[in-house]
Structures are given as C-alpha cells and as structure tokens.
There are 2 protein chains.
Amino acid sequence: MNEADYKKVLTDYIDKRLNISEEEKEIIASSYTLKSFQKKEHIFSQGKPCSIETFVVKGTLRLYHVDNKGQEHVLLFAFPEWWVGDMASFNTGEPSSLNLQVLEETIALVIDPTEKEVLLKKVPKLERLFRLMIQKNLSVLQKRFLLTISANASYRYLELIERSPGIEQLVPQHQIASYLGIHPESLSRMKKQLLK
Amino acid sequence: MNEADYKKVLTDYIDKRLNISEEEKEIIASSYTLKSFQKKEHIFSQGKPCSIETFVVKGTLRLYHVDNKGQEHVLLFAFPEWWVGDMASFNTGEPSSLNLQVLEETIALVIDPTEKEVLLKKVPKLERLFRLMIQKNLSVLQKRFLLTISANASYRYLELIERSPGIEQLVPQHQIASYLGIHPESLSRMKKQLLK
DNA sequence: TCAACTCGTTGACATAGGTTAAGAGATTTC
DNA sequence: GAAATCTCTTAACCTATGTCAACGAGTTGA
C-alpha cells in the first residue's frame with residue numbers, strides 16, 4: 001500500500017458517515033500527514049502538550065496514564081480506524097496526562113491543532129463528525145466507568161475478551177491487567193480460578 | 001425571580017463564553033422552556049429515551065445508574081450552571097442507562113432534540129459551545145475514572161470534599177458513598193478512621 | 001552463546017471494602 | 001403525635017485484590 005491507499009482508508013471512513021465530495025476528500029487527504037511508528041515508540045507523553053490527533057490505519061497502540069505512585073493504567077487499546085489523542089490537551093494546549101505508545105508497528109494519519117482548525121474551516125461538515133466522535137468516546141468511557149465500579153475483575157475480564165476477541169493475542173497480559181485495573185499477579189490467579 | 005430573570009442566567013452564561021448579540025440572546029431564551037421540579041422527582045429515567053437536556057438554574061440533582069444487581073451508582077451531582085442529560089440517548093434516541101433525580105427543589109431550562117436542532121440552525125455559533133461542553137464532560141469523566149482506579153476510597157473522599165466544599169451539607173452521606181463507589185457502611189467506618 | 005531482561009505463574013500473607021445485622025436518631029406521613 | 005421510614009453508625013466476619021518474594025520459560029542484546 002502506498003500513501004494514497006492509506007489516505008483512502010480515512011476518506012472512505014469519513015464518506016461512510018458523512019457523504020463527502022471528491023474535492024472534500026482531497027482536502028482532507030492533504031490535511032493529514034502519514035506517519036509510521038516503531039514498536040515501543042511514544043507518540044505523545046504525559047506532562048507535555050499533546051499536539052497530535054491520530055487516525056490509526058494499521059497497528060496497535062495503548063493510551064495510558066501513570067499515577068503519582070508510578071503505577072500505569074491503560075485507558076484504552078487502539079486499533080485500525082480508531083481516533084486517538086488527548087482531546088483536552090489538544091484543544092487547550094495544557095499538559096497532557098496521558099501517554100500514547102505503540103504496541104505493534106503502526107501506520108497512522110496525524111494532524112495538529114492548527115491544521116485541524118484550517119481543515120474545519122474548509123470542510124465545516126467535519127464539525128459534526130468530530131462531535132460524534134467525542135460523543136462516542138464519552139459514552140464508551142461512561143460505560144467503562146460504570147462497569148469498573150459495579151463489576152468485579154473477573155466479570156470485567158470476561159466482558160473484555162467477549163467485546164474484543166483476539167485481544168489476548170495482540171496485547172501482553174500484564175497490560176490487560178492494567179486495563180482491568182488490577183495487578184498482573186491477580187489476573188493470573190483469576191484466570192486459574194476461571195478455569196473451574 | 002421571574003421567567004425572564006432565570007433565562008438571563010443562561011444567556012449570561014453563554015455570553016461569557018461566546019459573545020452573543022441581543023438578538024441571539026432572545027432566540028436562545030425562547031428556545032428553552034423553564035421548568036421547576038420537586039424533590040425526589042425523576043426528570044428522566046433509565047430504559048426510556050432521554051429527550052431532555054437540562055441547564056440547571058437553581059437546585060441540586062444527581063445523575064445515577066442502576067446496575068443489574070440493583071445497586072445505584074452516582075455518576076455526578078449537578079448544581080446551578082451545569083448542563084445535565086444523557087447525551088448518547090438524547091442524540092440517538094436509544095434508551096438511556098441513566099436516571100436524573102432531584103435532590104433539592106430545582107429550577108431548570110430544558111430543551112428537546114428537535115428544538116435543539118432548530119436552535120443550532122438559527123445560532124450556529126452554539127455548535128462550538130456544545131462541543132466545548134462535551135469535551136469538558138469527557139475530560140472530567142476521564143479524570144474521575146483514573147482517580148477511581150488509582151486511588152483508594154479515603155483519598156477519593158478527601159479529593160471530593162476538597163473539590164466540592166459544602167457538598168456534605170447538600171447531599172446525604174449514603175449518596176456520597178455511592179458517588180465514591182463504596183457502601184454507606186464503609187464510608188462511615190472510613191470517616192471514623194480519618195478522624196485519627 | 002551467555003547474560004540480562006521480560007513475562008507469566010505460584011504461594012503466603014495483608015488489607016480495603018463488602019455483607020449482614022442491629023440499633024438510635026431524624027424526618028416524614030397520616 | 002404516633003407510626004413508619006430514612007439515615008447514619010457500629011461490630012463481626014468474609015472476600016477480592018494487593019503486596020512481596022521466588023522461579024522458570026522466553027526473548028533480546030552484546
């Protein structure tokens with residue numbers, strides 16, 4: 001696949017949701033920059049402003065936070081056709097509280113706040129797309145929050161593998177533990193229990 | 001205070017963030033309906049579509065979810081100048097998973113999806129206001145989520161009363177427990193511990 | 001190819017918070 | 001103003017998960 005092919009993934013994605021003209025497709029394609037990232041690389045980091053919004057074309061990423069005890073907490077794993085970033089930081093310029101790290105070699109389309117503003121001026125329709133995207137993020141997070149405080153770890157684990165079958169092949173187990181909000185030893189013990 | 005005064009709270013709120021003309025103020029004021037709600041009343045409920053978005057002018061509310069074990073979980077308490085609703089349901093018409101209940105007699109300005117769409121057509125500027133509102137909601141929820149999985153209940157309790165001083169006067173303790181994700185007995189025990 | 005890491009597992013013990021039950025004040029309701 | 005209901009507290013016991021330490025199997029790197 002070449003650059004044009006990768007960008008077509010994005011414009012197809014948008015077209016499916018909004019119906020955009022060929023001209024708009026070109027504007028969008030030229031507003032985004034194609035980047036590839038190596039395993040373990042950090043695309044943005046906690047403490048610095050996040051000036052990147054990412055549309056994943058290929059690969060796997062994790063978005064995580066390090067708390068003041070030094071513990072990591074995975075907020076989400078990202079796969080192809082996902083938007084990832086730290087919206088708060090991207091829009092306000094304040095330091096991010098999140099890290100975006102590559103788990104499997106990734107190809108993504110990225111944009112910075114200035115370019116995004118220009119793009120939105122040229123294709124105002126996209127306002128709606130991004131609003132829907134935020135809304136979706138919010139309702140996903142809300143569900144996750146409610147699940148986290150109302151169900152125990154085994155239930156959350158089963159829910160995760162049902163919702164994302166194959167995730168155990170893509171992501172090391174200690175990071176799944178971190179996503180579930182428990183320690184690797186606990187997940188290990190729990191899986192043993194579940195086998196009964 | 002009369003109806004016009006209450007609506008002025010909203011238009012002032014918006015003017016502070018967007019700079020709107022007198023004419024726009026009038027359109028906004030006439031798009032919202034003033035309602036008052038009695039203590040314990042439910043403004044919308046789980047299982048039914050939520051066709052109301054609320055701007056609180058006076059009073060206290062709680063937004064909560066009942067899980068499949070019948071346990072209630074408070075997502076947030078709402079105070080004057082807050083927007084409350086279930087965005088997912090409001091925008092898609094799908095059944096809500098949340099309940100909005102009045103804790104103290106409340107006066108609010110409400111709008112339904114159709115009226116809101118009309119309003120947005122008349123005053124497109126507001127798109128931005130609502131996008132900022134969602135973004136803010138998202139980053140608040142994200143912070144809350146990370147705190148919930150990285151800190152214990154006493155830390156979360158202290159954080160809450162520091163962030164919302166006076167909340168203990170406004171909200172019964174068992175609902176604060178529910179907000180913290182613990183049982184009333186645990187909060188009671190915890191407070192005793194903290195006195196040392 | 002040897003050394004150093006990384007990852008998952010196991011076991012023993014510690015602790016936060018859940019569960020159940022009871023009782024004492026407040027507050028609401030009729 | 002008596003009865004019913006709600007709210008908070010306490011206590012005893014239970015359970016899920018954390019913590020620490022050790023071990024073996026892979027994997028990575030010099």
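Here is how names work: the chains are called A, B, and so on, in the same order as the sequence lines, proteins then strands, and each is numbered from 1.
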*Asks:* Of A:Glu53, A:Gln135, A:Met87, which meets side-chain contact (heavy atoms from CB on, under 4.5 Å) against A:Phe130?
*Replies:*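 Among A:Glu53, A:Gln135, A:Met87, the one that satisfies the side-chain contact (heavy atoms from CB on, under 4.5 Å) with A:Phe130 is A:Glu53.
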
*Asks:* Please give, in whole Å, the distance from D:dA16 P to A:Tyr155 OH?
*Replies:*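 The answer, rounded to whole Å, is 17 Å.
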
*Asks:* Could I get the full list of salt bridge (charged side-chain N to carboxylate O under 4.0 Å, His left out) partners for A:Asp112, not counting sequence neighbours?
*Replies:*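 For A:Asp112 there are no salt bridge (charged side-chain N to carboxylate O under 4.0 Å, His left out) partners, ignoring immediate neighbours.
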
*Asks:* List, by chain and then residue number, the residues other than A:Val140 in its hydrophobic cluster (Ile/Leu/Val/Met/Phe/Trp/Tyr, side-chain heavy atoms under 4.5 Å); write none if there are no others.
*Replies:*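 In the cluster with A:Val140 there is nothing else; it is isolated.
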
*Asks:* Describe, in one word, how the ring planes of A:Phe79 and A:Phe77 are oriented to each other, choosing from parallel (under 30°), tilted (30 to 60°) and perpendicular (over 60°).
*Replies:*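 Rings of A:Phe79 and A:Phe77: tilted, as their planes differ by 30° to 60°.
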
*Asks:* When the distance from CD of A:Gln193 to C1' of C:dT9 is rounded to whole Å, what number comes out?
*Replies:*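 Between C1' of C:dT9 and CD of A:Gln193: 14 Å.
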
*Asks:* Classify the ring geometry of A:His65 against A:His73: parallel below 30°, tilted from 30° to 60°, perpendicular beyond 60°.
*Replies:*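 Plane angle under 30°, so parallel.
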
*Asks:* How close or far is atom P of C:dG17 from atom NZ of B:Lys191, stated in whole angstroms?
*Replies:*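 Answer to the nearest Å: 15 Å.
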
*Asks:* Based on Watson-Crick and G-U pairs with both distances under 3.5 Å, what dot-bracket line describes DNA chain D 5' to 3', crossing pairs as [ ] and inter-strand pairs as |?
*Replies:* ||||||||||||||||||||||||||||||

*Asks:* Could you go step by step and tell me if A:Leu109 and A:Thr54 meet the side chain to side chain contact (heavy atoms under 4.5 Å, CB included) rule?
*Replies:* CA-CA 6 Å; A:Leu109 293 162; A:Thr54 308; over 6 Å; no

*Asks:* Taking transitive links into account, so neighbours of neighbours count too, which hydrophobic residues share a cluster with B:Tyr155 at under 4.5 Å side-chain distance?
*Replies:*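 Listed partners: B:Leu147.
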
*Asks:* Report the distance from atom CD1 of A:Ile182 to atom P of C:dG8, rounded to the nearest whole Å.
*Replies:*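 Atom-to-atom, A:Ile182 to C:dG8, this comes out as 13 Å.
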
*Asks:* Identify which nucleotide among C:dG8, C:dG18, D:dT10 has an atom closest to any side-chain atom of B:Lys192, counting heavy atoms from C-beta outward.
*Replies:*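 Looking only at heavy atoms from C-beta outward on B:Lys192, the closest nucleotide is D:dT10.
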
*Asks:* Do A:Leu18 and A:Phe55 sit in one hydrophobic cluster, given that two such residues count as connected whenever their side-chain heavy atoms are within less than 4.5 Å of each other, even indirectly?
*Replies:*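 Cluster IDs for A:Leu18 and A:Phe55 match.
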
*Asks:* Can you work out whether B:Leu187 or B:Lys40 has the more 5'-proximal nearest nucleotide on DNA chain D?
*Replies:*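 The residue closer to the strand's 5' end, by nearest nucleotide, is B:Lys40.
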
*Asks:* What pairs of nitrogen or oxygen atoms, one from the protein and one from nucleotides 19-30 of chain D, lie under 3.5 Å apart?
*Replies:*
unit_1	atom_1	unit_2	atom_2	d
D:dT19	OP2	A:His183	NE2	3.3

*Asks:* Start with the C-alpha distance between B:Leu119 and B:Tyr32, add both sets of side-chain angles, then the distance that settles side chain to side chain contact (heavy atoms under 4.5 Å, CB included), and finish with yes or no.
*Replies:* CA-CA 9 Å; B:Leu119 172 61; B:Tyr32 281 86; 3.7 Å; yes

*Asks:* Can you tell me how far P of D:dG18 sits from CG of A:Asn152, to the nearest Å?
*Replies:*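 Going from CG in A:Asn152 over to P in D:dG18 covers 12 Å.
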
*Asks:* Rounded to whole angstrom units, what separation is found between the CG atom of A:Leu103 and the C1' atom of C:dC7?
*Replies:*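 So the two atoms are 15 Å apart, to the nearest Å.
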
*Asks:* Any donor-acceptor pair under 3.5 Å linking the side-chain atoms of B:Gln71 with those of B:His183?
*Replies:*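 There is such a pair (donor and acceptor under 3.5 Å, judged by atom type) between the side chains of B:His183 and B:Gln71.
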
*Asks:* Do you see a donor-acceptor pair shorter than 3.5 Å between the side chains of A:Thr92 and A:Glu94?
*Replies:*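 Present: a donor and an acceptor within the cut-off.
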
*Asks:* Expected output is a numbered-order residue list: members of residues 157-181 of chain A with a heavy atom under 4.0 Å from any atom of DNA chain C. What is it?
*Replies:*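 Close to the strand are A:Pro172, A:Gln173, A:His174.
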
